[in-house]
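Below is one structure, written out as structure tokens; comments come after it.
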There are 2 protein chains.
Amino acid sequence: MSMADTVVAEGGGSLHQRILTDISEKITSGAWAPGHRIPFEHELSVQYNCSRMTVNKALSQLAKAGLIERRRRSGSFVRRPQSQAAVLEIHDIRIEVEALGLPYRYERVMRHKRRSSAGDRASLELGLAGPVLALECGHFAGERPFAHEQRLINLTAVPEAADEEFLAIAPGPWLIGRVPWSEAEHRIRAVAADRHIAAALDIEAGAPCLVVERRTWSAEHPVTHVRFTYAAESHTLVARFRPSQG
Amino acid sequence: MSMADTVVAEGGGSLHQRILTDISEKITSGAWAPGHRIPFEHELSVQYNCSRMTVNKALSQLAKAGLIERRRRSGSFVRRPQSQAAVLEIHDIRIEVEALGLPYRYERVMRHKRRSSAGDRASLELGLAGPVLALECGHFAGERPFAHEQRLINLTAVPEAADEEFLAIAPGPWLIGRVPWSEAEHRIRAVAADRHIAAALDIEAGAPCLVVERRTWSAEHPVTHVRFTYAAESHTLVARFRPSQG
DNA sequence: CGTTTCGATATGTATATACATAATCGTCAT
DNA sequence: ATGACGATTATGTATATACATATCGAAACG
């Protein structure tokens with residue numbers, strides 16, 4: 001069985017998809033090392049018995065995914081794995097808790113509407129003064145505190161939030177779907193619990209905690225800033241990733 | 001000026017790119033809410049004065065990026081923001097340190113070649129027994145310890161590592177480029193420093209630390225398991241992201 | 001009234017073609 | 001040698017076309 005025969009053997013999806021996964025595998029398996037010149041579009045179109053356009057579409061996608069680099073007149077080359085970018089999935093806390101098989105409970109601890117202080121504006125990266133809603137909430141797994149939430153909502157961007165008490169629904173799920181976000185930033189770090197957090201999470205002051213802060217923008221306007229604090233034992237963030245997907 | 005005129009007004013890149021960013025913006029800005037039916041390929045091809053193929057290429061990409069959902073006969077619809085996936089960039093420690101304007105220093109603390117213990121096999125998710133290389137290294141920013149590295153390398157997957165002392169080069173940079181990885185997993189959590197880590201990082205035992213663990217596979221074979229421990233003050237992980245990029 | 005069939009429609013995939021653009025190579029004149 | 005220049009080549013982008021496929025809706029039928 002010749003090389004060409006192997007390649008053109010029957011496969012599941014579309015041709016375009018097959019070319020994509022074939023080459024993707026060659027690269028991630030190491031068969032084609034970084035720097036290796038992959039066959040020209042013309043050669044591949046002969047190998048796969050299809051038109052150059054089909055090959056082009058597949059290679060363009062691989063280039064966009066960052067697996068290969070294309071140079072006019074020279075050909076396409078396997079890129080060396082450059083920035084290690086991981087896809088970090090941050091789920092809804094309710095779903096996290098329920099995935100552990102524990103009953104989830106939500107509790108609003110504090111709700112305060114006020115004109116933004118200088119600190120608020122720094123948190124939200126807000127230019128002008130304006131009303132904000134400050135919230136503090138507890139998330140429980142069974143009897144135990146799971147996470148403590150401290151949130152600021154920019155009422156200029158989300159005026160409807162002023163009328164919501166957040167007694168029955170947590171601000172996270174409330175905001176999702178209501179406010180289209182265009183950008184977000186996470187900061188993840190370890191801190192020692194201060195007395196306030198220690199009391200909320202029922203741990204000792206000074207105990208290590210994982211803090212996840214998220215700022216969200218919608219079309220250039222800051223929407224919300226939230227800080228989740230987890231007791232060290234209760235939580236691990238997991239990020240699984242591949243250099244690219246076919 | 002008619003709608004069509006506005007849309008076809010001169011723009012930077014290719015038409016295909018313009019269609020992509022136009023629609024992407026409409027969605028992320030909220031102008032087209034989740035569930036909204038975007039114009040048919042045919043309508044867009046008239047609006048942008050181009051062929052259906054060009055529109056199709058753009059829409060296919062948006063669908064692949066997860067911004068829209070396409071249904072035969074019915075049209076294409078804006079998807080609601082589903083999983084919050086953040087791109088977490090994990091840089092080389094040297095680069096992180098130098099970005100702070102501090103001199104970087106690397107030090108190998110321990111190097112030990114051995115048959116894998118049960119614990120090693122658990123760390124690497126290794127099925128069979130085989131030789132591993134255990135390393136411990138310090139990364140310094142100026143005079144201060146910045147991160148402590150504890151690493152296992154699967155010598156079955158990377159036999160060349162057995163001959164490397166890792167005195168001058170850190171295992172991370174050494175492995176990158178030499179071993180094509182196909183998959184990796186990060187675990188991020190907060191811990192209290194034990195005495196060993198406390199001594200290495202020059203902090204007090206029990207002080208909070210950020211731990212980033214990474215496991216890497218290459219074509220189904222475990223390659224390495226590494227644990228970086230940072231003193232809480234010294235490090236924050238940042239992940240910035242958008243729902244999708246044009 | 002319910003079911004089946006069939007046509008219309010929108011997307012999915014692939015083709016041949018055309019011209020633009022960038023980079024490299026060889027040739028020729030200096 | 002060296003530099004200018006044009007030919008060649010591979011990719012980049014767009015077009016018109018064709019047929020496949022899924023699905024909605026309406027008409028035909030038992």
Side-chain angles (χ1 to χ4, degrees), chain A residues 4 7-24 26-27 32 34-79 244-246, chain B residues 4 7-24 26-27 32 35-79 245-246:
Chain A
V7 172
V8 190
E10 45 60 53
S14 61
L15 226 172
H16 154 245
Q17 192 62 36
R18 269 254 315 299
I19 299 176
L20 237 151
T21 52
D22 273 11
I23 297 181
S24 200
K26 282 247 171 51
I27 293 174
W32 288 350
H36 179 262
R37 209 212 73 220
I38 77 174
F40 296 127
E41 291 187 356
H42 174 69
E43 299 178 86
L44 287 171
S45 75
V46 171
Q47 225 178 88
Y48 284 93
N49 190 33
C50 67
S51 76
R52 186 173 79 89
M53 271 306 293
T54 303
V55 174
N56 179 283
K57 209 176 163 187
L59 292 195
S60 298
Q61 233 171 289
L62 282 172
K64 178 154 283 217
L67 266 198
I68 65 172
E69 184 188 335
R70 316 198 69 193
R71 283 201 289 275
R72 281 177 150 114
R73 160 75 213 221
S74 312
S76 303
F77 299 82
V78 177
R79 295 228 307 195
S244 142
Q245 45 90 358
Chain B
V7 172
V8 191
E10 44 62 50
S14 60
L15 226 171
H16 154 246
Q17 192 61 37
R18 269 252 317 298
I19 299 176
L20 237 151
T21 51
D22 273 11
I23 296 181
S24 200
K26 282 246 172 51
I27 294 174
W32 287 351
H36 179 262
R37 209 213 72 222
I38 77 174
F40 296 127
E41 292 187 355
H42 174 67
E43 299 177 86
L44 286 171
S45 75
V46 170
Q47 225 178 87
Y48 284 93
N49 189 34
C50 66
S51 76
R52 186 174 78 89
M53 272 305 295
T54 304
V55 173
N56 178 283
K57 209 177 164 187
L59 292 195
S60 298
Q61 232 171 289
L62 282 172
K64 179 152 282 218
L67 266 197
I68 66 173
E69 183 187 335
R70 316 199 68 192
R71 283 201 289 275
R72 281 176 149 114
R73 158 77 213 219
S74 313
S76 303
F77 299 83
V78 177
R79 297 226 310 194
Q245 43 89 356

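Naming convention: chains lettered A, B, ... in sequence-line order (proteins, then strands); numbering from 1 in each chain. Remember, it's a predicted structure, so these values are computed and weren't measured experimentally.
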- Query: How would nucleotides 7-14 of chain D be written as a contact map, 5' to 3', with B for base contact, S for sugar-phosphate-only contact and - for no contact, using protein heavy atoms under 4.0 Å?
  - Reply: -BBBBBBB
- Task: Starting at atom CD of B:Glu69, determine the distance to atom P of C:dA10, rounded to an integer number of angstrom.
- Result: 18 Å
- Task: Measure the spacing between CD1 of A:Ile38 and CD1 of A:Ile68 and express it to the nearest 0.5 Å.
- Result: 4.0 Å
- With side chains defined as the heavy atoms from C-beta onward, is the minimum distance between B:Lys26 and B:His36 less than 4.5 Å? no
- Item | B:Gln17 side, atom CD; B:Ser24 side, atom OG - distance, nearest 0.5 Å | 9.5 Å
- How many angstroms lie between atom CD of B:Gln47 and atom CG of B:Asn49, to the nearest 0.5 angstrom? 11.0 Å
- With side chains defined as the heavy atoms from C-beta onward, is the minimum distance between A:Val55 and A:Cys50 less than 4.5 Å? yes
